[in-house]
Peer 1: 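Below is a structure I'd like to ask you about.
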Protein chains: 2
Amino acid sequence: MSSVKKILIADDEPDILEIIQFNLQAEGYEVITAKNGDEAIDQAKRHLPDLIILDIMMPGKNGIDVCNILRMQPAFKEKLIVFLSALSDEGTEIRGLETGADDYITKPIRPKILISKVNALFRRLNKEGNNILQHGDLKIDREKYIINYQGNDIILARKEFELLALLASKPGKVFLRNEILNQVWGTEVIVGDRTIDVHIRKIRQKLDLDCITTVKGVGYKFEL
Amino acid sequence: MSSVKKILIADDEPDILEIIQFNLQAEGYEVITAKNGDEAIDQAKRHLPDLIILDIMMPGKNGIDVCNILRMQPAFKEKLIVFLSALSDEGTEIRGLETGADDYITKPIRPKILISKVNALFRRLNKEGNNILQHGDLKIDREKYIINYQGNDIILARKEFELLALLASKPGKVFLRNEILNQVWGTEVIVGDRTIDVHIRKIRQKLDLDCITTVKGVGYKFEL
DNA sequence: CATGTGGTTAACAATTTGATAATATGGGAA
DNA sequence: TTCCCATATTATCAAATTGTTAACCACATG
């Protein structure tokens with residue numbers, strides 16, 4: 001299973017904020033809120049949400065402005081952005097879609113439809129074949145062969161990467177030294193026991209983070 | 001520019017069919033129509049449209065049925081499918097999205113919004129496999145076999161071009177040497193391993209730009 | 001036929017990686 | 001405490017991988 005998705009909602013009407021937040025949380029999403037455009041940009045940068053729902057009509061920076069600003073930054077080029085607005089104003093709706101939003105939701109909010117749309121967006125995103133493990137601030141992208149911790153890319157050598165990816169594929173599970181050898185080195189190759197330790201060491205060193213626990217006499221496990 | 005997109009519209013109400021057809025054609029799309037579900041499936045198979053707009057309420061097979069049937073076939077797994085229905089019936093709307101539709105348009109049709117949505121859908125789709133790849137100052141025109149960097153055309157030989165185009169088709173993704181061989185050279189041909197390196201070298205040389213990263217023991221990736 | 005281009009390969013250089021040996025550390029049992 | 005054992009750490013070296021250059025062949029073109 002992939003990790004919990006973060007959703008940022010920006011709207012100046014507290015009622016709407018609450019309705020959406022409630023429904024999305026009930027669906028298992030992690031929700032962050034913002035009461036205006038500037039706060040939305042702030043929160044977006046801080047939390048790097050997977051989906052951003054922007055009300056178009058907001059005091060100060062409106063939703064379209066926010067979208068434009070965010071889309072300029074690489075971190076938000078590929079994120080999902082959805083607009084929210086009153087059914088009536090057709091003009092802004094069009095501008096919204098042209099700006100590079102991924103969908104459009106009209107008020108009044110119909111919770112079930114909201115949730116369906118959100119689910120559909122994520123489903124579509126996942127189809128794009130993402131191979132990313134995420135646990136907290138740690139992202140392991142098996143396609144890009146990149147580890148990212150708190151926004152910084154960390155480069156691991158092949159064996160190191162594969163070892164970490166294996167352990168992180170089932171957080172909490174203790175992998176026996178044998179399992180590790182089979183999965184990472186294959187059944188053909190025979191290497192000494194210390195070899196694993198050395199690789200574990202290098203991972204721990206490069207990721208300045210205590211995420212691999214030794215279970216003495218058994219093996220290693222990944223956890224935060 | 002990429003090729004003209006084909007759109008199939010299925011609705012049992014001739015008026016609506018005509019409105020949509022007129023507007024989309026005015027926007028430069030190629031339009032195919034169907035008056036019911038069976039005809040829609042027929043036309044879809046014949047023309048392989050890029051986008052299918054299905055009215056939910058149709059005599060015989062309804063839109064959801066059609067969607068389900070088409071989605072079963074590999075050729076339509078990745079195509080865009082959009083539902084069309086009266087604003088009122090919330091239940092079917094949800095079922096529609098759960099079925100695997102990409103969006104939802106409510107009647108009455110508002111032409112401008114319809115067009116914006118359609119454009120937005122294609123824009124999103126084009127982010128992936130298009131004929132013109134653009135990343136920063138680098139343009140890769142797969143149709144014309146031309147690379148343009150900061151306004152200057154750069155001439156690459158065919159293999160060089162195809163190799164770069166492949167890597168750039170998924171920025172960040174690491175392509176294994178095997179993948180590269182299969183995609184650029186085909187499965188029949190067998191060439192030595194150094195061949196890839198040499199082509200990579202020539203690309204790096206001609207594009208005075210550090211955009212190809214070596215991932216040792218794994219492959220190469222494109223990124224800025 | 002001379003010339004140029006594209007594609008492949010061989011040969012060697014440069015670099016990185018991974019395995020091992022040697023040694024240190026730390027927790028638990030006697 | 002002292003010993004034992006499993007793991008941690010470090011440095012080192014061999015092997016694997018990639019980079020670079022030049023040479024070669026095929027083929028098209030004038």
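Reminder, nothing fancy here: chain letters follow the sequence lines and each chain counts from 1.
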Peer 1: Between C:dG18 atom C1' and A:Leu164 atom CG, what is the distance in whole Å?
Peer 2: 17 Å

Peer 1: Roughly how many Å is it from CD in B:Glu160 to P in C:dG7, rounded to a whole number?
Peer 2: 7 Å

Peer 1: For A:Ile155, I'd like to know if atom CD1 has over 12 heavy atoms of other residues, nucleotides or ligands within 6.0 Å.
Peer 2: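 No, because the 6.0 Å sphere around CD1 of A:Ile155 holds 12 heavy atoms or fewer from other groups.
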
Peer 1: For a quick test of your reading: what N or O donor-acceptor pairs under 3.5 Å do the side chains of residues 208-221 of chain A make, sequence neighbours left out?
Peer 2:
residue	atom	partner	partner atom	Å
A:Thr213	OG1	A:Glu223	OE2	3.4
A:Thr214	OG1	A:Arg204	NH2	2.8
A:Tyr220	OH	A:Asp197	OD1	3.3

Peer 1: Could you state the interatomic distance from CG (A:Asp11) to CD (A:Glu18), rounded to the nearest 0.5 Å?
Peer 2: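 The CD atom of A:Glu18 is 12.5 Å from CG of A:Asp11, to the nearest 0.5 Å.
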
Peer 1: What is the distance from CD1 of A:Ile190 to C1' of C:dG18, rounded to the nearest Å?
Peer 2: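 A:Ile190 atom CD1 is separated from C:dG18 atom C1' by 16 Å.
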
Peer 1: Checking A:Glu30 now: which residues fulfil side-chain hydrogen bond (donor to acceptor under 3.5 Å, both in side chains) with it, not counting sequence neighbours?
Peer 2: none

Peer 1: What is the distance, to the nearest angstrom, from the CG atom on A:Asp193 to the P atom on C:dA21?
Peer 2: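 For the pair A:Asp193 CG and C:dA21 P, the rounded distance is 12 Å.
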
Peer 1: With sequence neighbours excluded, tell me which residues meet side-chain hydrogen bond (donor to acceptor under 3.5 Å, both in side chains) with B:Glu179.
Peer 2: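 So B:Glu179 forms a side-chain hydrogen bond (donor to acceptor under 3.5 Å, both in side chains) with B:Lys173.
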
Peer 1: Just how far, in rounded Å, is C1' of C:dT8 from CG of B:Leu163?
Peer 2: 14 Å

Peer 1: Using the test salt bridge (charged side-chain N to carboxylate O under 4.0 Å, His left out), find all partners of A:Asp38 that sit at least two apart in sequence or belong to another chain.
Peer 2: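 By the salt bridge (charged side-chain N to carboxylate O under 4.0 Å, His left out) rule, A:Asp38 matches A:Lys61.
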
Peer 1: By side-chain hydrogen bond (donor to acceptor under 3.5 Å, both in side chains), which residues pair with B:Asp137, not counting sequence neighbours?
Peer 2: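 So B:Asp137 forms a side-chain hydrogen bond (donor to acceptor under 3.5 Å, both in side chains) with B:Gln150.
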
Peer 1: Walk along DNA chain D from 5' to 3' and tell me the first and last nucleotide with an atom closer than 4.0 Å to a non-hydrogen atom of chain B.
Peer 2: D:dT17 to D:dT21

Peer 1: I need the full list of salt bridge (charged side-chain N to carboxylate O under 4.0 Å, His left out) pairs touching residues 154-170 of chain A, with sequence neighbours left out, sorted by first then second residue.
Peer 2: A:Glu160-A:Lys206

Peer 1: Please check the phosphate of C:dG18 (OP1 and OP2 only) for any side-chain N or O of A:Trp185 closer than 4.0 Å.
Peer 2: no

Peer 1: Which of residues 207-224 of chain B have a heavy atom under 4.0 Å from DNA chain C?
Peer 2: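 B:Lys216 - these, ordered by number, are the residues of the stretch whose heavy atoms sit under 4.0 Å from the strand.
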
Peer 1: In whole angstrom, what separates A:Ile180's CD1 from C:dA19's P?
Peer 2: 13 Å

Peer 1: Does anything in residues 194-205 of chain B reach DNA chain D, meaning a heavy atom under 4.0 Å, and if so which residues?
Peer 2: B:Arg194, B:Asp197, B:Val198, B:Arg201, B:Arg204

Peer 1: State which residues pass side-chain hydrogen bond (donor to acceptor under 3.5 Å, both in side chains) with A:Asp153; sequence neighbours excluded, sorted by chain then number.
Peer 2: A:Asn148

Peer 1: Under the ring pair (Phe, Tyr, Trp, His ring centres under 6.0 Å) definition, can you give me all pairs with a residue in residues 179-202 of chain B, not counting sequence neighbours?
Peer 2: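 Residue pairs with at least one partner in residues 179-202 of chain B: B:Trp185-B:His199.
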
Peer 1: Can you list the residues that meet the salt bridge (charged side-chain N to carboxylate O under 4.0 Å, His left out) rule with A:Lys139, with sequence neighbours excluded?
Peer 2: none

